[in-house]
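Here is the structure we will look at, set down as structure tokens.
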Amino acid sequence: MPRRGAVVVPVSAQEATDLLEMRLALETAAVRRLCRSSDSIDTLFGELTELVERQRHGAAIGDADQFAAADDAFHRRIVEVAGNTIAGRFYGSLSDRQRRMMADAARSDSARLTELIGEHAELADAIGQRDVQAFEGALLAHLEATYRVVLA
């Protein structure tokens, strides 16, 4: 708004549900693609493990923004490495909402941060094991739990 600054509009329950569905579809499709041509999986697994460590650090120092940035990078990297440029551009368009929701979740429930770190480690492990079904189940549980915190 001119001369008044930015207005951050909260994410509605419907928008959160829509975002959850799109993230689930895009990330699962990305992992499915990665598992068909597993050349990049070991490198991706290493990158995801490093991002989980960044989240641990953000949680340890109480930096919700750092934590949210590492969360965004974790999920975005999965889609990017899969190499579907259309999916990558679409996923990028969701990034602002995702980051806002994650920062809100991190601020409102700091105990949830430890759970998120564990969930991300589980997602990375499923990718490292090339197990699409385990990834999809873990991702759905992860997203639903996070969105419950945001919408509470």
Side-chain angles (χ1 to χ4, degrees), residues 1-35 44-45 47-127 131-152:
M1 298 180 75
R3 297 189 179 122
R4 294 187 185 174
V7 175
V8 178
V9 178
V11 177
S12 71
Q14 181 61 52
E15 186 176 17
T17 299
D18 294 348
L19 188 57
L20 179 147
E21 290 171 356
M22 290 299 93
R23 288 183 64 189
L24 182 64
L26 290 169
E27 290 181 46
T28 302
V31 171
R32 191 169 286 116
R33 178 184 263 211
L34 285 163
C35 288
L44 176 61
F45 177 75
E47 291 175 13
L48 296 177
T49 301
E50 173 57 34
L51 288 165
V52 169
E53 289 308 313
R54 277 198 234 164
Q55 288 180 309
R56 274 195 183 93
H57 181 260
I61 64 172
D63 188 336
D65 292 327
Q66 179 183 335
F67 187 92
D71 175 86
D72 178 57
F74 180 95
H75 290 281
R76 189 172 13 91
R77 194 70 188 125
I78 294 167
V79 176
E80 288 173 351
V81 171
N84 182 326
T85 56
I86 294 169
R89 280 194 305 267
F90 181 71
Y91 198 85
S93 73
L94 306 175
S95 185
D96 177 58
R97 286 181 195 91
Q98 286 174 213
R99 193 175 289 201
R100 268 190 296 140
M101 288 175 59
M102 180 49 60
D104 288 347
R107 285 186 196 96
S108 68
D109 186 2
S110 61
R112 174 84 177 109
L113 298 183
T114 302
E115 294 170 11
L116 288 168
I117 292 165
E119 290 167 9
H120 282 160
E122 183 180 356
L123 291 167
D125 287 344
I127 290 170
D131 189 339
V132 176
Q133 291 172 330
F135 177 84
E136 185 173 21
L139 180 63
L140 179 60
H142 167 67
L143 293 174
E144 286 181 338
T146 301
Y147 284 56
R148 276 194 298 277
V149 170
V150 171
L151 298 174

Within-4.5 Å side-chain heavy-atom neighbours: [X] and [Y]:
{"X": "Leu94", "Y": "Leu26", "value": "yes"}
{"X": "Leu34", "Y": "Val81", "value": "yes"}
{"X": "Asn84", "Y": "Val79", "value": "no"}
{"X": "Leu139", "Y": "His75", "value": "yes"}
{"X": "Gln55", "Y": "Leu116", "value": "no"}

Salt bridge (charged side-chain N to carboxylate O under 4.0 Å, His left out) partners of Arg77, counting only residues at least two apart: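 Arg77: salt bridge (charged side-chain N to carboxylate O under 4.0 Å, His left out) contacts with Glu47, Glu80.
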
Non-neighbouring partners of Glu53 that pass salt bridge (charged side-chain N to carboxylate O under 4.0 Å, His left out), sequence neighbours left out: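 Applying salt bridge (charged side-chain N to carboxylate O under 4.0 Å, His left out) to Glu53 gives Arg56.
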
Relative to each other, are the rings of Phe74 and His120 parallel, tilted or perpendicular (30° and 60° limits)?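 Phe74 and His120: parallel rings.
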
Give a yes or no on this: more than 12 heavy atoms of other residues, nucleotides or ligands lie within 6.0 Å of atom CD1 of Ile86.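 Not more than 12 within 6.0 Å, no.
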
Among Glu115, Glu122, Glu119, Glu27, find the residue that satisfies the side chain to side chain donor-acceptor pair (under 3.5 Å) test when tested with His142.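 Running side chain to side chain donor-acceptor pair (under 3.5 Å) over Glu115, Glu122, Glu119, Glu27 with His142 returns exactly one hit, Glu119.
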
Spacing of [atom1] belonging to [X] relative to [atom2] belonging to [Y], to within rounding of 0.5 Å:
{"X": "Thr85", "Y": "Arg89", "atom1": "OG1", "atom2": "CZ", "answer": "5.0 Å"}
{"X": "Ile127", "Y": "Phe135", "atom1": "CD1", "atom2": "CZ", "answer": "4.5 Å"}
{"X": "Phe67", "Y": "His57", "atom1": "CZ", "atom2": "NE2", "answer": "13.0 Å"}
{"X": "Arg23", "Y": "Leu140", "atom1": "CZ", "atom2": "CG", "answer": "12.0 Å"}
{"X": "Asp125", "Y": "Thr49", "atom1": "CG", "atom2": "OG1", "answer": "7.0 Å"}

Residue pair Leu24 / Glu136: nearest heavy atoms and the distance that separates them: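 Closest pair (atom of Leu24, atom of Glu136, distance): CD1-O, 4.1 Å.
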
Please identify each residue that fulfils side chain to side chain contact (heavy atoms under 4.5 Å, CB included) with Arg54, with sequence neighbours left out.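 In terms of side chain to side chain contact (heavy atoms under 4.5 Å, CB included), with neighbours along the sequence ignored, Arg54 is linked to Glu50, Leu51, Ala70.
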
